[in-house]
Amino acid sequence: MKIGFFDSGLGGLTVLKEALENEGLSEEIYYLADTKNTPYGIKDEEFVKKVIYDNIEYLIKIGCNPIVIACNTATSLCINEFRENYNDIVFIGTEPAVKVAADSNMSKKILVLATSITVRREKLLNLIDKLNIKDNVELLAADELVTFAENINCNNMKNEINNYIESILSQFNMSEFSHIVLGCTHFPIFRDNFYNVINKINPNLDIKVIDGARGISNNLKNYINKIKGNKKYVQGTKKITIVLTSKNNDFIVRTKQILANDKIEVDYKLQ
Ligand code: DGL
């Protein structure tokens with residue numbers, strides 16, 4: 001089985017890492033990063049949709065099925081259409097983990113951070129409506145975190161990143177919140193930064209910073225189990241192929257930093 005993963009850039013690696021490390025995924029994996037067009041969240045929706053379609057068609061052409069859309073922005077823009085248009089392919093999408101937060105504690109509010117496209121699309125708004133939690137949810141675009149995550153010097157930019165996060169959180173009275181939902185797959189790269197800033201604002205705050213990676217990799221595991229039975233999760237070295245849409249050496253360095261696991265062997269190729 002060839003499994004496709006797709007994101008505009010590095011963000012989907014947070015999902016892939018979860019699937020490889022916690023679920024022991026050991027299938028043939030192709031991870032397509034649209035390095036040519038990242039970031040998506042601040043761009044024109046029609047343009048973004050077109051490039052997402054091109055990328056998904058590439059993954060289908062090389063034989064990937066299922067395809068994990070490891071990108072909230074692409075999921076909110078396209079997944080319903082994909083399921084209609086490519087009905088022999090299984091798509092596993094990414095949604096902000098709003099339900100997880102809502103199920104665990106609704107005595108306080110939830111702050112959802114995502115890209116500009118995700119926060120304005122009906123997919124997320126419908127989910128919040130369906131859960132009937134509108135009055136307890138604040139939505140905010142935090143696109144700058146995508147740019148920080150893709151930056152080769154990211155690990156030396158702690159102050160800038162923390163200041164940006166603080167500028168976001170200081171717009172709210174954080175003592176009213178129990179959860180921050182990271183609704184973009186790039187954002188979990190900064191989970192520690194979020195906790196540092198929360199602690200700086202007030203060490204007594206009890207706020208969980210959550211994302212959807214575990215849920216997505218569970219969905220993937222359940223699907224593979226259904227198709228192949230329970231035997232395919234084996235220990236050992238995992239091999240993945242990362243396909244880039246433009247040459248980008250910084251991406252390769254950042255991939256090593258993010259995956260940081262010598263049991264994962266990575267090959268790179270240009271689309
Ligand atoms: N990682 C993506 C997401 O989950 C895309 C971010 C972007 O390219 O703006 O939304």
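Read the numbers this way: they start at 1 and go in the same order the structure lists the ligands and their atoms.
- Residue-to-ligand polar distances place Gly41 within reach of ligand 1: an N/O pair is separated by less than 3.5 Å.
- A salt bridge is absent between Asp250 and Arg254; no separation between the charged side-chain nitrogens and carboxylate oxygens falls under 4.0 Å.
- Side chains of Tyr164 and Glu166: a donor-acceptor N/O pair is absent below 3.5 angstrom, by distance only.
- Among all protein heavy atoms, the one lying closest to atom 7 (C) of ligand 1 is Tyr40 N, 3.3 Å.
- For ligand 1, none of its N or O atoms has an N or O atom of Thr118 under 3.5 Å away.
- Close approach of ligand 1 to Thr115 is summarised as follows: ligand atoms under 4.0 Å from at least one heavy atom of the residue are 6 (C), 9 (O), 10 (O).
- Residue-level proximity to ligand 1 for Cys184 is carried by backbone and side chain together, each with a heavy atom below 4.0 angstrom.
- Between Glu81 and Lys49 there is a salt bridge, since at least one side-chain N of the basic residue sits less than 4.0 Å from a carboxylate O of the acidic one.
- When heavy-atom distances to ligand 1 are checked against a 4.0 Å cut-off, Thr73 comes that close through both its backbone and its side chain.
- For Tyr53 and Phe82, the ring centers are positioned less than 6.0 Å apart.
- By the 30° and 60° cut-offs, the orientation of the rings of Phe5 relative to Tyr31 is parallel.
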Do any side-chain atoms of residues 144-159 form donor-acceptor pairs under 3.5 angstrom with protein atoms, and if so which ones, sequence neighbours left out?
unit_1 : atom_1 : unit_2 : atom_2 : d
Glu150 : OE2    : Leu10  : N      : 2.7
Glu150 : OE2    : His186 : NE2    : 2.6
Asn151 : OD1    : Asn153 : N      : 2.7

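- Which parts of ligand 1 touch Ser8 is read off a 4.0 Å heavy-atom cut-off, strictly below it: atoms 5 (C), 6 (C), 7 (C), 8 (O).
- When heavy-atom distances to ligand 1 are checked against a 4.0 Å cut-off, Thr185 comes that close through both its backbone and its side chain.
- For ligand 1, one of its N or O atoms has an N or O atom of Asp7 under 3.5 Å away.
- A salt bridge links Glu45 with Arg121: at least one charged nitrogen is closer than 4.0 Å to a carboxylate oxygen.
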